[in-house]
2 protein chains.
Amino acid sequence: MKQYDHPLAQDMQLSCLLYALSDPFRLTVVRKLAACQPQPCAPLQDGRPKSSVSHHFAVLRKAGLIRTEVVGVTHMNSLREQELESRFPGLLAAILAAASVEDVPV
Amino acid sequence: MKQYDHPLAQDMQLSCLLYALSDPFRLTVVRKLAACQPQPCAPLQDGRPKSSVSHHFAVLRKAGLIRTEVVGVTHMNSLREQELESRFPGLLAAILAAASVEDVPV
DNA sequence: CTGTTAGTTCGATTATAGTCGAACTAACGG
DNA sequence: CCGTTAGTTCGACTATAATCGAACTAACAG
């Protein structure tokens with residue numbers, strides 16, 4: 001059973017987090033996960049080809065934003081909220097709040 | 001006297017802000033401005049050619065992070081803290097706090 | 001074993017960004 | 001007017017990232 005690399009909280013880099021979240025599609029994924037987790041990739045695809053979605057999930061994983069666990073056939077994704085909070089207190093909450101301030105609904 | 005375009009607070013986009021701040025050089029500029037403003041570009045150059053620095057300042061300006069005012073020969077830059085706060089409350093503070101948590105000093 | 005599902009990996013293409021030197025410009029001092 | 005300073009703009013090059021189809025893989029159902 002294949003598993004994924006997830007950086008340690010202490011190795012998360014602010015620039016990588018901000019970069020990962022600066023893409024509207026990836027930010028939307030994070031918002032949806034914040035609202036409902038864990039979730040597999042499929043319902044978050046939003047009409048894109050699987051290879052593109054997989055790429056975006058990999059960026060989120062490498063930044064440390066999400067954790068992906070293989071559960072049977074699906075790969076369940078969840079936000080690493082506590083670890084993010086321990087590394088950068090208040091950051092994720094502030095960004096999610098900013099995202100909900102923007103006109104676009106989740 | 002040449003002036004610059006600065007987006008209105010209501011037109012600032014989260015993805016542009018995060019993108020602008022995801023570059024370590026630009027984040028450093030913002031941190032230095034937060035510590036001491038207004039400042040001209042020159043002391044923030046950090047050994048780069050002027051054209052590169054000018055490019056990074058333009059990115060920060062277009063995102064809405066900084067305001068540049070022409071004052072005589074120099075261009076004075078300041079953080080648009082209040083406008084950012086009105087658009088995305090707590091966001092800039094959280095990112096600056098996260099930056100100071102990272103090992104690198106200003 | 002076969003088929004299916006969910007997602008990854010590969011490879012090619014395209015688009016976007018960063019970098020830098022060189023030429024330019026606006027404001028000032030003398 | 002001339003030189004200097006501070007920063008922009010231009011254009012070329014390079015590097016990084018997004019996109020997508022196609023082939024692949026792991027886990028499960030039957």
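Letters A, B, ... are given to chains in the order of the sequence lines, protein chains preceding strands, and every chain is numbered from 1. Only heavy atoms go into these numbers, but all of them, side chains included; no hydrogens, no water, no symmetry mates. It should be emphasised that the depicted structure is a prediction, and the values quoted were computed from it without experimental measurement.
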(request) Can you tell me the distance, in whole Å, between the CG atom of Leu44(A) and the P atom of dT8(C)? (result) 12 Å
(request) Starting from P on dG7(C), measure out to CD on Gln45(A) and report it in whole angstrom. (result) 7 Å
(request) Measure from the side-chain heavy atoms of Val73(B) and tell me the nearest of dT8(C), dT8(D), dT5(D). (result) dT5(D)
(request) Using only side-chain N and O atoms of Tyr4(B), determine if any of them is under 4.0 Å from OP1 or OP2 of dT8(D). (result) yes
Listing, residues 62-74 of chain A side-chain donor-acceptor contacts under 3.5 Å, not counting sequence neighbours, or none:
from, atom 1, to, atom 2, distance (Å)
Arg67(A), NH2, Glu83(A), OE1, 3.4
Arg67(A), NH2, Glu83(A), OE2, 3.1
Thr68(A), OG1, Arg61(A), NH1, 2.9
Thr68(A), OG1, Asn77(A), OD1, 2.8
Thr74(A), OG1, Val71(A), O, 3.4

(request) Quick one: which residue pairs count as a salt bridge (charged side-chain N to carboxylate O under 4.0 Å, His left out) with a foot in residues 39-59 of chain B, not counting sequence neighbours? (result) none
(message) Could you work out, with ring-ring contact (aromatic ring centres under 6.0 Å, His included) as the rule, every residue matching His6(A), not counting sequence neighbours?
(response) none
(message) Just to verify, what does Arg26(B) make a salt bridge (charged side-chain N to carboxylate O under 4.0 Å, His left out) with, not counting sequence neighbours?
(response) none
(message) Measure CD1/Ile66(B) against C1'/dG7(D) and give the value in whole Å, please.
(response) 12 Å
(message) In this structure, how many angstroms lie between the P atom of dT25(D) and the NE2 atom of His75(A), rounded?
(response) 14 Å
(request) For Glu69(B) and dA27(C), give me the distance from atom CD to atom C1', rounded to whole Å. (result) 16 Å
(request) Please state how far atom CD in Gln3(B) lies from atom P in dG7(D), giving the value in whole angstrom units. (result) 14 Å
(request) Give the B/S/- string for nucleotides 12-22 of chain D, one per nucleotide from 5' to 3', where a protein heavy atom under 4.0 Å of the base yields B, of only the sugar-phosphate yields S, and otherwise -. (result) -----SSBBBB
(message) If I take atom CZ in residue Phe25(B) and atom C1' in nucleotide dC20(C), what distance separates them, rounded to the nearest angstrom?
(response) 14 Å
(message) Output the rounded distance in Å from CZ (Phe57(B)) to P (dG7(D)).
(response) 8 Å
(request) Kindly say whether Ser51(B) contributes a backbone atom to a donor-acceptor pair with the side chain of Ser54(B) at under 3.5 angstrom? (result) no
(message) Please check: side-chain N/O of Glu102(B) versus main-chain N/O of Leu14(A), any donor-acceptor pairing under 3.5 Å?
(response) yes
(request) Scan residues 30-61 of chain A for pairs that pass ring pair (Phe, Tyr, Trp, His ring centres under 6.0 Å), counting only residues two or more places apart or in two chains. (result) Phe25(A)-His56(A)
(message) Measuring to OP1 and OP2 of dG7(D), would you say a side-chain N or O of Arg61(B) lies under 4.0 angstrom away?
(response) no
